[in-house]
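Below: the structure, in structure tokens.
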Amino acid sequence: AEFLLIQIENGIKDLKLKFESKQSERIISNHVWMADYIDRSIKRHMSQLNGLLMKLKEKSMGDFKSSTNFDVAVRYSSEIERTIDGIIFLYKARAGIMDLKLKWQYSLPAITENFNHLKNRFVIIKGQITRKRFEYEEEENWF
């Protein structure tokens, strides 16, 4: 799951660079290439990440009193995926360059913000899982 987060982060950074570059209009207006690129660099990894988060939740539910961190992480991941789906829809519908630019201007900050929240929540989950394993190891050593 951590590897997928890194790949998604790299994909988001690359899309941000493409949007802010001097040739952004030419890159953004290439409908087929951008739809495939977004699908390959982010969307595919998001669905895998959602699946892994759900597996982690199922396996770790007995260790925690609440599944809030998992639920929030999945919600942020779903928000990113929904925003990406909206962008891909515009590309598949062959929207005009102004519509694409407006969608990117609105969506890119939202994607970045949701990803930062997702990453922070993942660090919390990882810390909880590590701490629980450490506590179990301590209990076994004292018996």
Side-chain angles (χ1 to χ4, degrees), residues 1-21 23-25 27-142:
E2 196 167 1
F3 179 69
L4 287 174
L5 273 178
I6 292 169
Q7 287 182 324
I8 293 167
E9 183 176 27
N10 290 338
I12 291 171
K13 285 179 182 178
D14 193 38
L15 285 175
K16 196 172 189 178
L17 285 173
K18 286 183 185 339
F19 180 71
E20 295 171 351
S21 72
Q23 297 180 347
S24 68
E25 195 168 313
I27 293 171
I28 289 174
S29 65
N30 192 339
H31 292 82
V32 175
W33 185 81
M34 279 300 287
D36 287 344
Y37 182 78
I38 293 169
D39 190 46
R40 271 185 290 121
S41 64
I42 297 177
K43 181 156 173 45
R44 179 178 45 149
H45 301 303
M46 291 305 299
S47 58
Q48 291 174 354
L49 181 66
N50 277 343
L52 286 175
L53 284 173
M54 294 310 286
K55 282 183 184 176
L56 276 173
K57 179 181 175 181
E58 290 171 9
K59 291 185 182 208
S60 302
M61 269 312 291
D63 298 340
F64 308 118
K65 297 191 181 357
S66 171
S67 65
T68 305
N69 286 323
F70 290 102
D71 294 337
V72 172
V74 169
R75 190 187 79 209
Y76 286 129
S77 179
S78 298
E79 282 291 318
I80 294 170
E81 195 169 10
R82 193 174 74 225
T83 306
I84 293 294
D85 285 340
I87 293 171
I88 290 174
F89 175 77
L90 279 180
Y91 279 111
K92 289 183 178 180
R94 301 247 182 227
I97 186 68
M98 290 308 294
D99 293 333
L100 290 170
K101 278 187 174 184
L102 287 173
K103 184 68 172 178
W104 276 109
Q105 284 178 337
Y106 171 75
S107 299
L108 207 51
I111 291 170
T112 304
E113 182 181 340
N114 283 328
F115 182 76
N116 287 335
H117 292 309
L118 172 65
K119 197 164 70 169
N120 291 338
R121 197 55 68 162
F122 185 78
V123 169
I124 292 169
I125 291 169
K126 186 178 169 185
Q128 283 181 331
I129 291 172
T130 304
R131 187 173 58 239
K132 279 294 181 188
R133 286 187 186 146
F134 182 69
E135 288 174 5
Y136 289 143
E137 289 173 3
E138 282 183 352
E139 289 175 5
E140 290 173 4
N141 290 338
W142 290 105

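Starting from 1, each residue takes its place in the sequence as its number.
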Shortest non-hydrogen contact between K103 and G86, atoms and distance
CE-C, 3.9 Å

Measure the CD-CE distance between E79 and M46 for me, rounded to the nearest 0.5 Å.
10.0 Å

Go through the steps to decide whether T83 and Y106 satisfy the test side-chain contact (heavy atoms from CB on, under 4.5 Å), and finish with yes or no.
CA-CA 10 Å; T83 306; Y106 171 75; over 6 Å; no

Give, for atom CD1 of I42 and atom CG of L4, the distance between the pair rounded to the nearest 0.5 Å.
13.0 Å

Please round to the nearest 0.5 Å and tell me the distance separating atom OG of S24 and atom CD1 of I97.
7.5 Å

Hey, mind stepping through E113 and I80 against side-chain contact (heavy atoms from CB on, under 4.5 Å) and telling me if it holds?
CA-CA 9 Å; E113 182 181 340; I80 294 170; over 6 Å; no

Separation between CZ of R75 and CG of L53, rounded to the nearest 0.5 Å
13.5 Å

Heavy-atom pair of closest approach, residues E81 and S47
OE2-CB, 3.8 Å

When rounded to the nearest 0.5 angstrom, what distance separates CG in N114 from CZ in R121?
12.5 Å

Give the C-alpha distance, both sets of side-chain angles, the deciding distance and a yes or no for side-chain contact (heavy atoms from CB on, under 4.5 Å) between I88 and K43.
CA-CA 10 Å; I88 290 174; K43 181 156 173 45; 3.8 Å; yes

Do D39 side-chain atoms and A35 backbone N/O form a donor-acceptor pair below 3.5 Å?
no

Between I38 and W104 the two heavy atoms that sit nearest each other are CD1-CZ2, 3.7 Å

Exactly one of Q48, E2, H45, R44 clears side chain to side chain donor-acceptor pair (under 3.5 Å) with Q7, and that residue is H45

How are the rings of H117 and Y76 set to each other: parallel, tilted or perpendicular (split at 30° and 60°)?
parallel

Determine, stepwise, if the pair L49 / L118 fulfils side-chain contact (heavy atoms from CB on, under 4.5 Å).
CA-CA 11 Å; L49 181 66; L118 172 65; 3.8 Å; yes

Could you tell me whether the side chain of H31 and the main chain of L90 form a donor-acceptor pair under 3.5 Å?
no

Heavy-atom closest pair, residues N50 and V74:
OD1-O, 4.1 Å

If I compare all heavy atoms of L100 with all of S29, which pair ends up nearest, and what's the gap?
CD1-CA, 4.4 Å

How long is the straight-line distance from CD1 of I12 back to OG of S41, given to the nearest 0.5 Å?
9.0 Å

Heavy-atom side-chain contact between K18 and I28 under 4.5 Å
no

Are any of the side-chain heavy atoms of L15 and I111 separated by less than 4.5 Å?
no

